[in-house]
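See structure below.
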Amino acid sequence: MENKRIIIATVICFVILVGWQYLADKMGWIPQQQVEETQKVETQAAENNKVQEITPTDVNVTPFFAPGEGKNIVVRTPLYTAIFHSAGGVLESFVLNDISETSSPHSPFLDMISKSAKSASPMGLLINGQPSWNAASWKISAENLILENDDKQTLVFEGNLNGLLIRRELTFDAKTYLISEKIIYNAEEGKAFIARVGYTLAGTEYSSSSTYNPMQVVWNEDGSYDYDSDAKTLREEGKVENGALLFAGISNNYFLAAVAPQSKNGMLKARIQNDVWRVAYEEQPVTINAGSPVVSELSWWIGPKNAELLDTAPNELKKSIHYGIFGILAKPLLWLLSFFQSFVVNWGVAIILLTIFIKIIFWPLTKKSYKSMEQMKKIAPLMEDIKKKYGNDREALSKEMMQLYRTYNINPMSGCLPILVQLPVFVALYNALLNSENLRHAEFITYLPFTDILWLADLSVKDPLYITPIVMGATMFLQQWLSPAVGDPTQRKVMMLMPLIFTFMFLNFPSGLVVYWLSNNVLSIAQQWWTLRKVR
């Protein structure tokens, strides 16, 4: 009975782990840090009558894009096609080549900058809160850029904001989504400025956003990844974070738009306006004198969370792929999954092969667990007799129980310890599959057999027909039947409720996760039948 209680507790812990994200997002339980601004723009003049301040405005009410005179500049690489406006280098479009919005055969490619996000001036420069893109005069150094193979090319924007000279050098690499930027600030003769520079990002919900794939404001403070997905609070109050910020931006499970400054001491401001997720990163103020250029360097990432490319990106951008507390296990599991997929060329089949591999690894522990459960079931009548005999005398009851275990050479913990050991692997794989960009639009069984009805055409979204979660629930009931619960009626009722709870939870899970759990259940049934057959 003690063994069964621990197993019940373990299962409940797993339900809490995988169900927390759903409940927290639905009910708004994610706590919000109330952080006040602690940094102000320095206003002391470096030299009387020479230092000028540009009137600041609140980043949260920065005007939406009002382009000045200029034209669109196209930058095309093998990975994306970007369109910049010559007035300030504001990003107007960022289409990911070969990455579609939906799994439909006729779906257009995903544009990371929607029409409404475009109006919020992504990749724009704020100078003391003032939009430079519509307040300065700008000129461009080149026409359209086309990059191939290993090309690297640079686009230069030059602006004059009331005597503050700005030179933006954007360098594109054909092999990555990372855009490197070098900004040179100078002042016209006889002028000087104190400038606090801000970098803007904007986006609307990327395709396939859902409860299990929410939009988030993300940042990395001094090596610690954090996020905020509370849309209600972001609309009403916004978000402010100060500190050593390595990067800041917006993301969901599969895509990221972030700025990674070389200067790692600044402020993140974020807000949702008109359904646009807006983020600005503001650096510390700098003094700019004529003839003494100030150089600032930073990087932009706009694109999918490609783990291989993010591994080589600066400022720990790789941490934007968040695998949870068991990330150290999730990464090798993803590597194995990719390894299997390279042979079978089907992510659904690869998930099944990975499940089989995990089952083989844990076979000795699983076998021991099933044997222990069978032994505990055999002595269950003796345990009930002891309970009746000693009643509420807990000390005597415990002593007799331990003597019973010694007599029959049973370790009451041997049945649940293997489950506890495997739980971190299950949770790690859950997070790995949930955050693997490879599973987005990955097909398993595209059409329901013998029909033209779309079924498992995208493993990153729920089963549209709910077949796999219902079958998964049925397999859990079968497991209960093969291993009837011992103990009091309350315990048996709790165990019989578990399949219903899991079925309800998994109805809206990404189908890739359901395929894993269903495969795991089928293999567990086979293992359980084989092991108990040998024991009996």
Exercise for the section: Determine whether the side chains of Thr355 and Asn520 contain a donor N or O and an acceptor N or O closer than 3.5 Å. Expected result: no

Problem - Heavy-atom donor-acceptor pair, Lys239 side chain to Tyr227 backbone, under 3.5 Å - result: no

Practice task
Indicate whether the side chain of Lys462 and that of Ser511 have a donor and an acceptor atom separated by less than 3.5 Å.
Solution key: no

Practice task
Check whether more than 12 heavy atoms from other residues, nucleotides or ligands sit under 6.0 Å from atom NZ of Lys331, and answer yes or no.
Solution key: no

Practice task
Classify the angle between the aromatic ring planes of Phe343 and Phe339 as parallel (below 30°), tilted (30 to 60°) or perpendicular (above 60°).
Solution key: perpendicular

Handout entry: Pair Asp463, Trp455: side-chain N/O donor-acceptor within cut-off below 3.5 Å
Key = yes

Problem - Donor-acceptor under 3.5 Å (Ser251 side chain, Leu256 main chain) - result: no

Practice task
Dump the intermediate steps for side-chain contact (heavy atoms from CB on, under 4.5 Å) on Glu282 and Lys269, then the final yes or no.
Solution key: CA-CA 8 Å; Glu282 294 187 352; Lys269 291 184 177 182; 4.2 Å; yes

Exercise for the section: Decide yes or no on side-chain contact (heavy atoms from CB on, under 4.5 Å) for Trp219 and Tyr281, but give the supporting numbers first. Expected result: CA-CA 10 Å; Trp219 65 93; Tyr281 175 91; over 6 Å; no

Fill in the blank from the handout: Ala202 and Pro122 have their tightest heavy-atom pair at N-CB, 3.9 Å

Exercise for the section: Look at the side chain of Asn253 and the backbone N and O of Leu434, then say whether any donor-acceptor pair between them is shorter than 3.5 Å. Expected result: yes

Handout entry: Side chain Asn315, main chain Pro261, donor-acceptor under 3.5 Å
Key = yes

Exercise for the section: For Asn252 and Met215, indicate whether the former's side chain and the latter's backbone hold a donor-acceptor pair under 3.5 Å. Expected result: no

Practice task
Would you please say whether a donor-acceptor pair under 3.5 Å links the side chains of Gln341 and Ser338?
Solution key: no

Exercise for the section: Could you tell me whether a side-chain N or O of Arg168 sits under 3.5 Å from a main-chain N or O of Gly88, the two making a donor and an acceptor? Expected result: yes

Practice task
Would you please test Thr475 and Val522 for side-chain contact (heavy atoms from CB on, under 4.5 Å) and show each step?
Solution key: CA-CA 7 Å; Thr475 61; Val522 171; 4.3 Å; yes

Practice task
Under the side-chain contact (heavy atoms from CB on, under 4.5 Å) rule, what do Val217 and Ile272 come out as? Steps first, then yes or no, please.
Solution key: CA-CA 10 Å; Val217 175; Ile272 300 176; over 6 Å; no

Problem - Any donor-acceptor pair under 3.5 Å from Thr200 side chain to Gly124 backbone - result: yes

Problem - Test item: side-chain donor near acceptor, Ser180 and Lys152, under 3.5 Å - result: no

Exercise for the section: Determine, using ring centers only, whether Phe94 and Phe172 are less than 6.0 Å apart. Expected result: no

Handout entry: Salt bridge Arg440-Glu437, side-chain N to carboxylate O under 4.0 Å
Key = no

Handout entry: Flag, side chain of Lys118 to backbone of Leu91, donor-acceptor distance under 3.5 Å
Key = no

Problem - Heavy-atom neighbours of Leu500 CG exceed 12 at 6.0 Å - result: yes

Practice task
Would you confirm whether Ser229, through its side chain, and Pro214, through its main-chain N or O, come within 3.5 Å as a donor-acceptor pair?
Solution key: no

Exercise for the section: Tell me whether the centres of the aromatic rings in Tyr206 and Tyr254 are closer together than 6.0 Å. Expected result: no

Practice task
Take the angle between the ring planes of Trp300 and Tyr199 and call it parallel below 30°, perpendicular above 60°, tilted in between.
Solution key: perpendicular

Handout entry: Side-chain donor-acceptor pair present, Thr171, Thr154, cut-off under 3.5 Å
Key = yes

Handout entry: Donor-acceptor under 3.5 Å (Thr77 side chain, Tyr80 main chain)
Key = yes

Handout entry: Ring geometry between Phe426 and Tyr516 (parallel below 30°, tilted from 30 to 60°, perpendicular above 60°)
Key = tilted

